[in-house]
Number of protein chains: 2
Amino acid sequence: MLDALGDPTRRSIFELLAVGPRSVAEIAADLPVSRPAVSQHLKVLKEARLVSSTAAGTRRVYSLDPQGLAAVRGYFDQFWNQALAAFAQAVEKPEEEP
Amino acid sequence: MLDALGDPTRRSIFELLAVGPRSVAEIAADLPVSRPAVSQHLKVLKEARLVSSTAAGTRRVYSLDPQGLAAVRGYFDQFWNQALAAFAQAVEKPEEEP
DNA sequence: ACGAACGGTAAGTCTAGACTAACGAAGGTC
DNA sequence: GACCTTCGTTAGTCTAGACTTACCGTTCGT
């Protein structure tokens, strides 16, 4: 899931879709890559549940998938709590094994 | 910053450090890669402000950097709001340009 | 002072995957 | 029905970067 957001181009697509839904050609117009490349990236983002598409004629309008966004948030919230707990514990106890 | 978490091995290191601080050798012991590989990954994570290290003798103990975690959370919170707004707007207005 | 851990760095290899070009399928328009 | 648009897919190329081996500096123990 974070694999999908690891690629810079894919992050750009992700951020474009955050502004509002777009078609494939409209996305490609704002990026320095070809349209097929955008299609391939969208496929990956779709499999990662980060975007969803609806067919409108021959056009496919893509938008962010709130479900995937919630999953990412949950992932980091989990580590946020773990990290803060470990951090607080480390501050209180400089060493423990004698 | 998300580039750093894009690599599976680096995510494993990240998740190990979420449990608690560790030395380089201790991290490498739980992963299927060599110790130098872990060192290289830690360098990337450090530059991304996701981990920090403290010297203890010849050992370097690494731990999660709360500052970096907060930045990641902020990034996704921003898109969370944008996405929900765009989503709600899309639901209310199926089309707009006549 | 000598040796042993521990870890960062350099050099080199090799694979995953990002990209383009070319083609084909489906839908809309006249 | 002919044509154009829009998009997904395939085949093939090429580069970024993940990994290992080897080496060197640093710090502790005796």
Is the phosphate of [N], meaning OP1 or OP2, less than 4.0 Å from a side-chain N or O of [X]?
X: B/T9; N: D/dC19; value: yes
X: B/H41; N: D/dG17; value: no
X: B/Y62; N: C/dG8; value: yes
X: B/S23; N: C/dG7; value: yes

### Task
List for me each residue that meets side-chain hydrogen bond (donor to acceptor under 3.5 Å, both in side chains) alongside A/K43, sequence neighbours excluded, and say none if there are none.
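In terms of side-chain hydrogen bond (donor to acceptor under 3.5 Å, both in side chains), with neighbours along the sequence ignored, A/K43 is linked to no residue.
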
### Query
Under the side-chain hydrogen bond (donor to acceptor under 3.5 Å, both in side chains) test, which residues partner B/S63, sequence neighbours left out?
none

Does [X] contact [N] through a side-chain donor or acceptor facing the base, at a distance under 3.5 Å?
X: A/E26; N: D/dT6; value: no
X: B/R60; N: C/dG7; value: no
X: B/R10; N: D/dG17; value: no

### Message
Looking only at the side chains, is there a donor atom on one of A/K46 and A/S53 sitting less than 3.5 Å from an acceptor on the other?
### Response
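Indeed, the side chains of A/K46 and A/S53 share at least one donor-acceptor pair under 3.5 Å.
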
### Query
Would you call the rings of A/F76 and B/F14 parallel, tilted or perpendicular, where under 30° means parallel and over 60° means perpendicular?
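Answer is perpendicular, since the angle exceeds 60°.
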
The side chain of [X] lies closest to which of these nucleotides: [options]?
X: B/T58; options: C/dT9, C/dC6, D/dC19; value: C/dC6
X: A/V24; options: C/dG8, D/dT20, D/dC7; value: D/dC7
X: B/Q40; options: C/dA11, D/dC7, D/dA22; value: C/dA11
X: B/S39; options: C/dT9, D/dT9, D/dT21; value: C/dT9

Expressed in angstrom and rounded to an integer, what is the separation of [X] atom [atom1] from [N] atom [atom2]?
X: B/D7; N: D/dG17; atom1: CG; atom2: C1'; result: 9 Å
X: A/R59; N: D/dT6; atom1: CZ; atom2: P; result: 7 Å
X: A/I13; N: D/dC7; atom1: CD1; atom2: P; result: 13 Å
X: A/D3; N: C/dA18; atom1: CG; atom2: P; result: 10 Å
X: B/L45; N: C/dG7; atom1: CG; atom2: P; result: 16 Å
X: A/R35; N: D/dT9; atom1: CZ; atom2: P; result: 11 Å
X: A/L42; N: D/dT6; atom1: CG; atom2: P; result: 16 Å

### Query
Considering only heavy atoms from C-beta outward, does the side chain of A/Y62 approach that of A/V38 to under 4.5 Å?
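No, every pair of side-chain atoms sits at 4.5 Å or beyond.
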
### Message
Which residue in the set B/L31, B/V33, B/L17 passes side chain to side chain contact (heavy atoms under 4.5 Å, CB included) when paired with B/S12?
### Response
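Filter result, single survivor: B/L31.
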
### Query
So what is the end-to-end bend of the helix from C/dA1-D/dT30 to C/dC30-D/dG1, with 5 pairs used at each end and the value given to 10 degrees?
30°

### Query
If you look at every strand shown and take non-hydrogen atoms under 4.0 Å, does A/A25 touch a base, only sugar-phosphate, or nothing?
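Sugar-phosphate, no base atom in range.
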
### Message
If the threshold is 4.0 Å, N to carboxylate O, is there a salt bridge linking A/R35 and A/E26?
### Response
no

### Query
Going through the checks in order, is the salt bridge (Lys or Arg N to Asp or Glu O under 4.0 Å) test met by A/R11 and B/D3?
CA-CA 10 Å; A/R11 259 203 311 283; B/D3 289 330; 2.8 Å; yes

